[in-house]
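See structure below.
Computed from a prediction, not measured in an experiment: that's the story for all the values here. The basis for the numbers below is simple: all heavy atoms, side chains too, and nothing from hydrogens, waters or symmetry mates.
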Amino acid sequence: MKKIIRIFVFTTILSSVVGCSDFFETDSTHVIFAEDEHLHNANDTIYSLIGILNKLQAIGDRTVLFGEAMGDLVDVTNATSADLRDIAMFNVNDSNAYNTPRDYYAVINNCNYYIAHADTALKNNRNEYIFKGEYAVVKGIRAWTYLQLAMVYGNVPFVTTPILTKEDAERDYPRKDIQGVCEYFLDEDSLQYLADIEFPSLGDIKGVPSRLFYIPINIILGDLNLWAGRYMTAARCYYDYITKRNGTNSTYSTGVNSIEWKSSNWSTTVSSLQSSLSDEANAAQSEIISLIPGDSIPSEGYYSQLRNIYNTSADNDYKCSLTPSKGMIDLSAKQVYCHYENKQFVYPPRTLSNNKSGDLRLSAFWSTSENAVNANGDKYTSQNILKFITRNIHIYRRQLIYLRLAEAFNRAGYPRFAYQILASGINDRIINDSIIPHYTKDSLKLAQFSFPNTRYGVYDPRDEFATNSNTMGIHSRGSGFSPANIYYQMPYDSTITDSIALIQWQIDMVEDMIVDEEALEFAFEGYRFYDLMRVALRRNQPSYLADRIYSRRGNGKRDEMKSLIQKDLTNPSNWYLGWKNQIGAKK
């Protein structure tokens, strides 16, 4: 076995006002070098790939926390650390423990080194490329990490060559904002040519299939196009992932997992949601697509604190740090559940307790008890958020891809396509009967997005003989049968007589529905702030983000939130972190 024997060691470089050396560190814990500066041996490439995955662990928690604590769906508690509280209040300084851009650049620099030195032309005796799979993984990780970095800091030094020397680290690199990052990876990088490359399998690592450690290229391309405003291309990328994930003539449907009322006496709910979000297998219909693995012991490596931040336990002295906000609770309660029973649709009363008025997903994943008893016999208020019960950090799952597909279709000019993803789910029958007739000039374009009826069976509780249902509108996962819900209809305004103006109005209305659905489905998971940011930027309407965050504690406490945040969130420059005037917002 070939050993990696030559390691370049540099001391940590001190701060430079002009350059970027503080986060372009070149010590041996950041970049590992093979003995001849080329990676053309399987052990070299696997060792380096695992090293990159290890570096991802350092940014795992903040990937969730930046996206959630800065949003409107969670609030701080009396036990929240000062650093996390400052994130929630947009008051992050250079010494904040979460504000360490060097961790992102550690991932990027290792990716840059790998990309520069991996021998992708090497073939085996069957004339097959040996390292293309690993190469595709690393290219995807680099693009994803840069996008995360740009979403957090807004404007970032951008470098695609490895930083190996003190001189390299001290250079003044060009900067790119979110748009610039997306344009580079879409137009100048070779990422799109790697979308169909098969990823390598390293087997199971600590009980988790290694394929879950990778980020599918089509998903990254979809996200980059979505942020760049290339909506039809984004839709195609998400569609390609869905239809190619499990090979040709296969299925990757939304599934029919949901939480629902058992009967109209409104006393009992049944749920199949929780297990799908904690199942970290690599089955064909797995909910979890990609994750960042966490260590199992706090004293070893990178241990995710998300369980201790969201849940009460002995490890955090039975005190959680983030809890659902009043804004989240109100949004959930505002939904209207549609229940089918005795061949009719009925709606529950609006006064049910335990967060069961409205959408049921919040009650499925969040529970509290004011009279819990700890190991010492003391009473405390417990909190359990069942999205955080494993040591790993989930970054992509199936419903997210469908919702982003809906977002892309909507902004591409097809709000009815997006609405059907929310309400009924889609197959070719839905597309041909309920979507294409409204966009007849684009019928051929829309027909390219095929979800065969034989493989995508849309759920309908009225069909008692249906046996192949595997597709459901995402809103139906928590709000009953949405296609029949009189309170959840495709937006329409009969006073708008111009068809183009009507579609544009519908795009905004359906986009609001998508934003609400993203909150209902993905609360606490780390997407919220960036979802609001993306919509506010495309509408050129900063108040779209600001109004929701100021309403974190309910509409009646907007002034309270404004006084606590002390930042004008209608100014987009205040959305981003900065660090020592070297990255992001100026301090």
key: Sequence-distant partners of F388, ring-ring contact (aromatic ring centres under 6.0 Å, His included), two or more places apart   = Y310
4.5 Å side-chain heavy-atom contact, I549 and L545 = yes
query = Is there a donor-acceptor contact under 3.5 Å linking the side chains of R477 and N257?
reply = no
Between N218 and Y239, a side-chain donor and acceptor under 3.5 Å = no
query = Rounded to the nearest 0.5 Å, what separation is found between the CZ atom of R102 and the OG1 atom of T100?
reply = 7.5 Å
ask   = Going by the ring-ring contact (aromatic ring centres under 6.0 Å, His included) test, which pairs reach into residues 204-227, not counting sequence neighbours?
value = F199-Y214
message = Give me the atom names and distance for the closest heavy-atom approach of M328 to A523.
response = SD-CB, 3.8 Å
query = Would you say Y544 and V515 make side-chain contact, with heavy atoms under 4.5 Å?
reply = yes
note = Correct closest heavy-atom pair for A447 and I436 would be N-CD1, 4.2 Å
ask   = Under 4.5 Å between any side-chain heavy atoms of T243 and T251, yes or no?
value = no
Test item: R391 and S304 side chains (from C-beta on) under 4.5 Å apart, heavy atoms = no
task = Might you point out which heavy atoms bring I87 and A69 nearest each other, and give the distance in Å?
result = CG2-CB, 4.0 Å
note = Of all heavy-atom pairs linking Q285 and N246, the shortest is NE2-ND2, 3.6 Å
task = Report, as yes or no, whether the 6.0 Å neighbourhood of atom CD on E198 holds more than 12 heavy atoms from other residues, nucleotides or ligands.
result = no
inquiry  = As a quick check of understanding, evaluate salt bridge (Lys or Arg N to Asp or Glu O under 4.0 Å) for D531 and R528, giving each step before the final call.
reply    = CA-CA 5 Å; D531 291 339; R528 180 58 169 180; 5.7 Å; no
request  = Apply side chain to side chain contact (heavy atoms under 4.5 Å, CB included) to I288 and list each qualifying residue two or more places apart in sequence or on a separate chain.
outcome  = L291, H394, R397
